[in-house]
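Just below is one structure, and these are the notes that go with it.
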Amino acid sequence: MATQLKNLSDFSHTTVPNGGAFKFAIAVAEWNAEITGSLYNGALETLLKHGVSADNILSVAVPGSFELTAAAEILLQKHKDLDGVICLGCVIQGDTKHFDFICDAVANGITQVGIKHAKPVIFGVLTTNDQQQAIDRAGGKHGNKGDEAAITALKMAELAATV
Ligand SMILES: Nc1c(NC[C@H](O)[C@H](O)[C@H](O)CO)[nH]c(=O)[nH]c1=O
Ligand SMILES: CC(=O)[C@@H](O)COP(=O)(O)O
């Protein structure tokens with residue numbers, strides 16, 4: 001279902017696990033900081049709302065979305081007690097193919113990090129055609145992808161803990 005047909009912050013249709021036993025890292029890209037700041041606030045507030053202790057949320061900033069893969073790997077290597085990493089970024093199409101390379105790299109990169117560590121590494125990266133699409137998905141009319149990323153982290157951490 002396309003994002004425009006749903007709200008990224010509406011989880012009334014599903015059960016969200018309590019996060020009281022979990023520890024997460026949030027890695028945020030500084031490119032498009034106004035957007036990624038909104039994504040971060042959404043993810044943080046959602047984790048806290050669902051019982052994750054503020055003491056169990058480790059937040060780091062990276063220059064751009066391309067660096068999210070390295071951040072996830074470093075975090076999972078140095079903090080063995082993490083139950084997952086939420087990666088937040090906003091990549092907006094420019095005039096060149098750079099957009100394609102970044103999006104492919106971060107999507108594939110964080111996938112491999114999650115598989116390597118058998119821990120959820122969540123793709124909370126907006127990949128938009130323009131600024132307005134990003135605004136709409138970072139607390140605008142389509143909700144907040146940071147909320148969605150946090151809920152996904154909770155569900156996957158619960159799966160890893162109980163399967
Ligand atoms: N154009 C965007 C970037 N570009 C920067 C890269 O992510 C990276 O930091 C650089 O290539 C050095 O390795 N990053 C975003 O997150 N969003 C963009 O729109
Ligand atoms: C996604 C990007 O790197 C992009 O915003 C940079 O813009 P451009 O492709 O015009 O150099």
Side-chain angles (χ1 to χ4, degrees), residues 1-11 22-49 52 54 56-79 82-117 119-157:
M1 177 188 291
T3 298
Q4 66 185 3
L5 301 177
K6 65 179 297 217
N7 186 296
L8 294 167
S9 302
D10 179 9
F11 293 92
F22 296 140
K23 180 174 182 180
F24 294 107
I26 306 177
V28 191
E30 293 171 336
W31 256 80
N32 300 309
E34 183 177 334
I35 299 295
T36 61
S38 296
L39 298 178
Y40 174 77
N41 291 337
L44 180 64
E45 290 164 13
T46 299
L47 291 178
L48 295 171
K49 173 184 174 183
V52 180
N56 287 340
I57 300 171
L58 171 60
S59 299
V60 299
V62 295
S65 293
F66 186 86
E67 284 72 38
L68 289 170
T69 298
E73 175 64 22
I74 292 165
L75 285 161
L76 290 171
Q77 279 197 19
K78 298 187 72 173
H79 301 274
L82 283 175
D83 295 292
V85 181
I86 298 168
C87 293
L88 303 174
C90 177
V91 190
I92 300 175
Q93 178 66 63
D95 298 333
T96 73
K97 294 178 68 175
H98 200 222
F99 172 91
D100 299 327
F101 288 98
I102 295 171
C103 295
D104 288 347
V106 68
N108 292 316
I110 69 172
T111 297
Q112 294 309 312
V113 171
I115 291 169
K116 173 183 176 182
H117 294 273
K119 292 195 175 173
V121 179
I122 307 305
F123 185 66
V125 180
L126 294 173
T127 56
T128 66
N129 296 313
D130 55 45
Q131 179 89 4
Q132 188 58 51
Q133 286 184 342
I135 292 168
D136 291 345
R137 291 157 176 80
K141 66 181 180 180
H142 295 315
N144 191 323
K145 196 143 188 82
D147 299 353
E148 178 196 53
I151 296 292
T152 303
L154 286 163
K155 289 187 171 192
M156 291 304 293

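Note that these values count all heavy atoms, side chains included, but never hydrogens, waters or copies made by symmetry. Keep in mind the model is a prediction, meaning the values are calculated, not measured. As the structure lists them, so they are numbered: ligands from 1, and atoms in each ligand from 1.
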Nearest-neighbour protein heavy atom for atom 15 (C) of ligand 1, which is reported as residue plus atom name and distance: Trp31 CB, 3.3 Å
Closest to atom 8 (C) of ligand 1 (judged by heavy-atom distance), picking from Gln131, Gln93, Glu67: Glu67
Flag for Gln132-Asp136: side-chain donor and acceptor within less than 3.5 Å: yes
Atom CD of Glu34 with >12 non-hydrogen neighbours under 6.0 angstrom: no
Nearest-0.5 Å distance, CD1 of residue Ile86 to CZ of residue Phe123: 14.5 Å
Under 3.5 Å: N/O of Ile92 near N/O of ligand 1: yes
Donor-acceptor pair between Gln77 and His117 side chains, under 3.5 angstrom: no
Set of residues that line ligand 2, where lining means a heavy atom lies under 4.0 Å from it: Val91, Ile92, Gly94, Asp95, Thr96, His98, Phe99, Ile102
Interatomic spacing from CD in Glu45 to OG in Ser9 - rounded to 0.5 Å: 10.0 Å
Backbone or side-chain N or O of Phe66 under 3.5 Å from ligand 1 N or O: yes
Heavy-atom closest pair, residues Ala72 and Cys87: CB-SG, 4.2 Å
Nearest-neighbour protein heavy atom for atom 6 (C) of ligand 1, which is reported as residue plus atom name and distance: Ile102 CD1, 3.8 Å
Non-hydrogen side-chain atoms of Cys90 and Trp31 separated by less than 4.5 Å: no
pair Leu126-Leu39: side-chain heavy atoms closer than 4.5 Å: yes
Any His98 heavy atom less than 4.0 Å to ligand 1: yes
Residue-ligand contact Cys90/ligand 1, heavy atom below 4.0 Å: yes
Other residues, nucleotides, ligands: >12 heavy atoms within 6.0 Å of Phe66 CZ: no
For Asn32, the ligand 1 atoms whose distance to one of its heavy atoms is below 4.0 Å: 17 (N), 18 (C), 19 (O)
Thr46-Asp147 side chain donor-acceptor pair, cut-off 3.5 Å: yes
